[in-house]
Peer 1: 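Let me begin by handing over the structure; questions about it come next.
For reference, positions follow the sequence shown, starting with 1.
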Amino acid sequence: EVQLQASGGGLAQTGGSLRLSCVAHRYTFAERNYVIGWFRQAPGKEREGIASISTNYGSAYYVDSVKGRFTIYTDNAKNTVYLQMNDLKPEDTADYYCGVTFHSYSSLDPTDFGSWGPGTQVTVSS
């Protein structure tokens, strides 16, 4: 039932960088357009949308807190969406997930997305 697999998390220092990967099993980006989103959930907080991208059009959306620091991009040949995270802050510490929506092309609302995987943990230390 898990169709998207997030990986690449780990430990980073404040100001450091990590690159997360989301492999879209069972989805072929070359066949149609998908919107893939990155989300995170910190301890004691609700899941929040970070960034999303249209696999065919390349249009990307970001939550204000990561603008200028995070970049979402695709490698359609590999059915993979990446999240390059720069200038990491302790408040970026969370479990990160990716999901897909077929109808909400500019949404960062987690309720619009599905096919969640187990996520990958990011810890940013000071």
Side-chain angles (χ1 to χ4, degrees):
E1 66 180 0
V2 177
Q3 295 182 286
L4 302 179
Q5 184 175 357
S7 62
L11 178 64
Q13 295 183 357
T14 297
S17 298
L18 288 171
R19 189 181 74 165
L20 306 184
S21 300
C22 176
V23 179
H25 298 293
R26 292 187 174 88
Y27 297 104
T28 302
F29 291 172
E31 293 181 350
R32 61 163 291 177
N33 182 64
Y34 302 92
V35 177
I36 306 296
W38 280 101
F39 305 83
R40 66 186 180 188
Q41 187 166 13
K45 295 186 177 181
E46 298 290 331
R47 185 173 297 185
E48 66 169 340
I50 302 302
S52 69
I53 190 166
S54 169
T55 58
N56 281 355
Y57 298 104
S59 53
Y61 300 89
Y62 299 91
V63 70
D64 287 344
S65 62
V66 308
K67 287 182 178 177
R69 300 191 298 122
F70 293 6
T71 302
I72 187 171
Y73 63 99
T74 68
D75 185 339
N76 287 0
K78 296 181 179 180
N79 294 327
T80 300
V81 176
Y82 301 95
L83 184 69
Q84 178 66 48
M85 305 187 295
N86 297 325
D87 300 322
L88 285 165
K89 302 176 180 180
E91 50 262 47
D92 296 319
T93 296
D95 290 331
Y96 284 72
Y97 305 84
C98 52
V100 62
T101 183
F102 303 99
H103 307 113
S104 300
Y105 298 112
S106 61
S107 176
L108 291 174
D109 186 346
T111 64
D112 290 333
F113 291 76
S115 297
W116 305 104
T120 185
Q121 182 175 277
V122 171
T123 302
V124 183
S125 66
S126 60

Peer 1: Got a sec, which pairs hit salt bridge (charged side-chain N to carboxylate O under 4.0 Å, His left out) with one end in residues 53-66, sequence neighbours left out?
Peer 2: Asp64-Lys67
Peer 1: So, using side-chain contact (heavy atoms from CB on, under 4.5 Å) as the criterion, who are the partners of Asp109 when residues are at least two apart?
Peer 2: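 side-chain contact (heavy atoms from CB on, under 4.5 Å) check on Asp109 returns Ser107, Thr111, Asp112.
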Peer 1: So, taking the atom named CD in Gln84 and the one named CD1 in Ile72, what distance separates them when rounded to the nearest 0.5 Å?
Peer 2: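 It is 12.0 Å, given to the nearest 0.5 Å.
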Peer 1: So how far is it from Leu20 CG to Leu83 CG, rounded to the nearest 0.5 Å?
Peer 2: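 Spacing of CG (Leu20) from CG (Leu83) equals 5.0 Å.
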Peer 1: Show me the pairs that pass disulfide (SG to SG under 2.5 Å) and involve residues 23-83, at least two apart or across chains.
Peer 2: none
Peer 1: For residues 31-76, which residue pairs pass the disulfide (SG to SG under 2.5 Å) check, not counting sequence neighbours?
Peer 2: none
Peer 1: Counting C-beta onward and ignoring hydrogens, is there a side-chain heavy-atom pair between Tyr97 and Pro110 closer than 4.5 Å?
Peer 2: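 Sidechains of Pro110 and Tyr97: no contact.
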Peer 1: Testing the basics here: between Ala12 and Leu88, what is the closest heavy-atom pair and its distance to 0.1 Å?
Peer 2: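 Minimum heavy-atom contact is CB-CD1, 3.7 Å.
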Peer 1: Which residue pairs satisfy the salt bridge (charged side-chain N to carboxylate O under 4.0 Å, His left out) criterion with at least one member in residues 47-58, sequence neighbours excluded?
Peer 2: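 As it turns out, the salt bridge (charged side-chain N to carboxylate O under 4.0 Å, His left out) pairs with a partner in residues 47-58, which skip direct neighbours, are Arg40-Glu48.
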Peer 1: Which residues satisfy the side-chain contact (heavy atoms from CB on, under 4.5 Å) test with Thr123, sequence neighbours excluded?
Peer 2: Leu11, Thr93, Gln121
Peer 1: Within the 4.5 Å heavy-atom criterion, are Thr74 and Ile53 side-chain neighbours or not?
Peer 2: yes
Peer 1: Under the criterion side-chain contact (heavy atoms from CB on, under 4.5 Å), I'd like the reasoning laid out for Leu108 against Ile50: C-alpha separation, chi angles, the key distance, then a yes or no.
Peer 2: CA-CA 7 Å; Leu108 291 174; Ile50 302 302; over 6 Å; no
Peer 1: Please give me the minimum heavy-atom distance between Asn33 and Ser54, naming the atom from each residue.
Peer 2: OD1-OG, 2.6 Å
Peer 1: With sequence neighbours left out, which residue pairs that include part of residues 5-104 fulfil the disulfide (SG to SG under 2.5 Å) condition?
Peer 2: Cys22-Cys98
Peer 1: Rounded to the nearest 0.5 Å, how far apart are CD of Gln3 and CG of Asn79?
Peer 2: 12.0 Å
Peer 1: For the atom pair OG1 (Thr14) and CD (Glu91), what is the distance rounded to the nearest 0.5 Å?
Peer 2: 8.0 Å
Peer 1: Going from NZ on Lys78 to CG on Asp75, what distance comes out if it is rounded to the nearest 0.5 angstrom?
Peer 2: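 Between atom NZ of Lys78 and atom CG of Asp75 there are 5.0 Å.
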Peer 1: Please collect all disulfide (SG to SG under 2.5 Å) contacts where either partner lies in residues 37-67, sequence neighbours excluded, each pair once.
Peer 2: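 Sorted pair list comes back empty.
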Peer 1: Are the side chains of Ile36 and Tyr27 in touch, meaning some heavy atoms are under 4.5 Å apart?
Peer 2: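 Counting from C-beta outward, Ile36 and Tyr27 never come under 4.5 Å.
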Peer 1: Applying ring pair (Phe, Tyr, Trp, His ring centres under 6.0 Å), can you list everything that pairs with Phe113, at least two apart in sequence or on another chain?
Peer 2: Phe39
Peer 1: Going by the ring-ring contact (aromatic ring centres under 6.0 Å, His included) test, which pairs reach into residues 51-79, not counting sequence neighbours?
Peer 2: Tyr73-Tyr82
Peer 1: Measure the spacing between OH of Tyr96 and OG1 of Thr120 and express it to the nearest 0.5 Å.
Peer 2: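 Interatomic distance, Tyr96 OH to Thr120 OG1, rounded to 0.5 Å: 10.5 Å.
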Peer 1: Consider only side-chain N and O atoms of Thr55 and Asn76, and report whether a donor and an acceptor are under 3.5 Å apart.
Peer 2: no
Peer 1: Mind checking what makes salt bridge (Lys or Arg N to Asp or Glu O under 4.0 Å) contact with Arg69, not counting sequence neighbours?
Peer 2: Asp92
Peer 1: Please list, chain by chain and in numerical order, all residues satisfying side-chain contact (heavy atoms from CB on, under 4.5 Å) with Val23, sequence neighbours excluded.
Peer 2: His25, Thr80
